[in-house]
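Remarks on the structure that follows.
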Amino acid sequence: MTDSMRFLMCPPDHYEVDYVINPWMEGNIHKSSRDRAVEQWQKLYYLLKDRAIVDLVEPQPGWPDQVFTANAGLVLGDQVVLSRFLHKERQGEEPYFKRWFEDNGYTVYELPKELPFEGAGDALLDREGRWLWAGYGFRSELDSHAYIAQWLDIEVLSLRLIDERFYHLDTCFCPLSGGYLLYYPPAFDSYSNHLIEMRVPPEKRIALEQVDANNFSCNAVNIGSVVVMNQASDALTEYLTEAGFEIVETPLTEFMKAGGAAKCLTLRVNEPIRAEIHANVPVESRTINMEGHLLDAGIMNRALDLIVESGGSFQVLNFQLGEQRQSISRAEVKVSAPSPEVMEEVMTQLIDLGVVDLPQESHDAHLEPVTQAGVAPQDFYVTTIYPTEVCINQEWVRVQKQRMDAAIAIKETPTERLVRCKLIRDLEVGEKVVVGVEGIRTVRNTDARERSSSSEEFTFMGAGVSSERRVEIVVEQIAWEMRRVRDRGGRVAVTAGPVVIHTGGSEHLSHLIREGYVQALLGGNAIAVHDIEQSLLGTSLGVDMQRGNPVHGGHRHHLRAINAIRGCGSIAKAVDQEVLTKGVMYECVRNHVPFSLAGSIRDDGPLPDTEMDIIKAQQEYARLVEGADMILMLSTMLHSIGVGNMTPAGVKLVCVDINPAVVTKLSDRGSVESVGVVTDVGLFLSLLVQQLEQLTSPYHVAETS
Ligand code: ARG
């Protein structure tokens, strides 16, 4: 077996540290000695020649890193995926390596331009040939793994590198015979470490200390039981000897100045293809279908990222790229996971991305009966904001009352079948609930152009705090949208916090209600209390709203306001009795705009209208939000999140808060329809009213022109 190994090397005739493309090269430009380099290289060459066959590729002037043949490409059987170097400093090596492979009878695969992948430097076969470990993060792009998986028909386990010094996988990772693995865990992110731990049993994992990692001990050539490396600490030598290996040290310090050692200087060119022997770890796999603007919309990237980050791996079975920009791409991807739990996690997230489990044929969703009211079967599928379909009796059925964090409940009556989202507390005995992830799909708008144009229009979150001019533009757009909603008889719901009153927004919000722009108001006890305090006493939490300073004894004002309303019996009655004659709550009553006030532990009073039973309040909120076209969330994280949870995708959300963190939290639902505005809410409302006033109804325009 030993003598059948074959390596490719490149004599160091033109080797030099000429530029800096990794941290090892820093400070080493022209610092290596040619003579010593030749001597070290030859030592390695003869060491390997004693134990294997070594082929040579002709060194080319001007390409000083060509000695590192590990980066020529990735070989499996008689196929090779040619490297696409990230840095232009090495791109010139590509044609020479390509010619060598072609001359030696290999089938050469070439990655798309602009998709970096640096060969066996970043891709290492499990020594039993069970799978390929592939690194990404510095030199190779994760996307390249999809091509490799497809071309070489092999399972790929992607590992994310996070330490710049270990920029290639082979600088910190070395699979050895007998299932052993020499590696440096801190060079990988936590998912990758998890993945390694799931595949390699603890007794086979040899984690290096920093000294050995810095001496490039991972950058080793393994031939049978021999491991050739630059240097090994006593501890490492002892450990490896114990495991049955023989360490052969050979100094490669001149090459370390360029960031490479034994493994980098060689490329195994006769990697045998082994039949799929499965690891001692059970691997589950499933085939999924993806369709849409997979590349432009970044879906492919996100899907693969997600599989890898959750601890799975993938193999691309089929990938049809859309011919034209506007045509759709299709991909069939085999997802593998080391355990059913990981698979479930991966699938749940993929479903959110709009990916369909199993191509063509429909697989019925698993249903389990509710056996205890208000309790879902274990393993129930938790819903998202996206339109969802479930497969029942070979038919895809749209789920009603879409919302997030619910269960999908199926209720059969002699006349109909109801399939809808229900909170667990509302589940009834006799209903069935969808469990697991099979037979579920979400319908996502994957049109790339639509996505990017609408997010461009509305997304200005990127910059964090939006500039004043940006706020104006966005308010203009929101005003335009609100006008259209009103003119077509649509619904806008508003959630508002007490800050609306403190910042002087009361008159503007009142105006919106009066003018028919608001169809429901949702908030807590506080917004109503402060609004009423201002209407009755001219202060908000004791602060004079005209002059902006606290008034004497003002801290009792809000209790006076509550007391007055309690005396009347309700807010509506206070309006009837002409106790309350202006303000937000007054306008709601006068204009028949329904409102719901949800109570909380900190409420004073409360007002008679405040619903202190939270379950009832949630139901009331849900009722008022239903069918909304737009929701204005004004400076209340609590009530806005509550509302966000019950709102399906497709409803425009406008979140306004002075705190960028709140805005990000609220508008980050992954849906394009949310807009975040970081600004003072009083100012926002005044701008909004101004804009609405300036807008001429589109019907008027039509009439006059
Ligand atoms: N100077 C070379 C580079 O930065 C070193 C390559 C080392 N090769 C390797 N397989 N790690 O690309």
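Note that the numbering runs from 1 along the sequence shown for the chain. Counting convention: from 1, in listed order, for ligands and their atoms alike.
Looking from atom 9 (C) of ligand 1 to the surrounding protein, the closest heavy atom is Cys264 SG, 2.8 Å. Here the protein heavy atom with the shortest distance to atom 8 (N) of ligand 1 is Asn71 OD1, 2.9 Å. In this structure, atom 10 (N) of ligand 1 lies nearest to the protein heavy atom Asp170 OD2, 2.7 Å.
Taking the six-membered ring wherever Trp is involved, the centroid distance between the rings of Phe117 and Tyr147 does not fall below 6.0 Å. Between Phe101 and Tyr106, the ring center distance clears the sub-6.0 Å criterion.
The shortest side-chain heavy-atom distance between Asp18 and Ile29 does not fall under the 4.5 Å cut-off. Here the side chains of Val437 and Ile351 are in contact, with some heavy-atom distance below 4.5 Å. Proximity of Trp24 to Val17: side-chain heavy atoms (C-beta onward) are nowhere separated by under 4.5 Å. Phe255 has its side chain within reach of Phe68: a pair of non-hydrogen atoms, C-beta onward, lies under 4.5 Å apart. Glu332 places none of its side-chain heavy atoms less than 4.5 Å from the side chain of Met290.
Near Gly121, meaning under 4.0 Å from any of its heavy atoms, are these atoms of ligand 1: 10 (N). Of all atoms in ligand 1, listed by their number and element, those nearer than 4.0 Å to a heavy atom of Asp65 are 1 (N), 2 (C), 3 (C). For ligand 1 and Gly259, the ligand atoms under 4.0 Å from any heavy atom of the residue are 7 (C). Interface of Ala70 with ligand 1, defined as ligand atoms under 4.0 Å from a residue heavy atom, comprises 10 (N). The ligand atoms of ligand 1 that sit less than 4.0 angstrom from a heavy atom of His168 are 7 (C), 8 (N), 9 (C), 10 (N), 11 (N).
Within a 6.0 Å radius of CD in Glu242, no more than 12 heavy atoms belonging to other residues, nucleotides or ligands are found.
Taking each of Gln66, Lys263, Met25, Arg139 in turn, the one with a heavy atom nearest to atom 4 (O) of ligand 1 proves to be Arg139. For atom 6 (C) of ligand 1, the choice among Glu118, Lys257, Arg90, Glu89 with the nearest heavy atom turns out to be Arg90.
When heavy-atom distances to ligand 1 are checked against a 4.0 Å cut-off, Tyr167 comes that close only through its side chain, counted from C-beta outward.
The existence of a salt bridge linking Glu155 and Arg199 is confirmed by a sub-4.0 Å separation between a basic side-chain nitrogen and an acidic carboxylate oxygen.
Annotation: Ile21 places no N or O atom under 3.5 Å from an N or O atom of ligand 1; distance criterion only. Where the criterion is an N or O separation shorter than 3.5 Å, residue side chain and backbone included, Thr171 fails it with respect to ligand 1.
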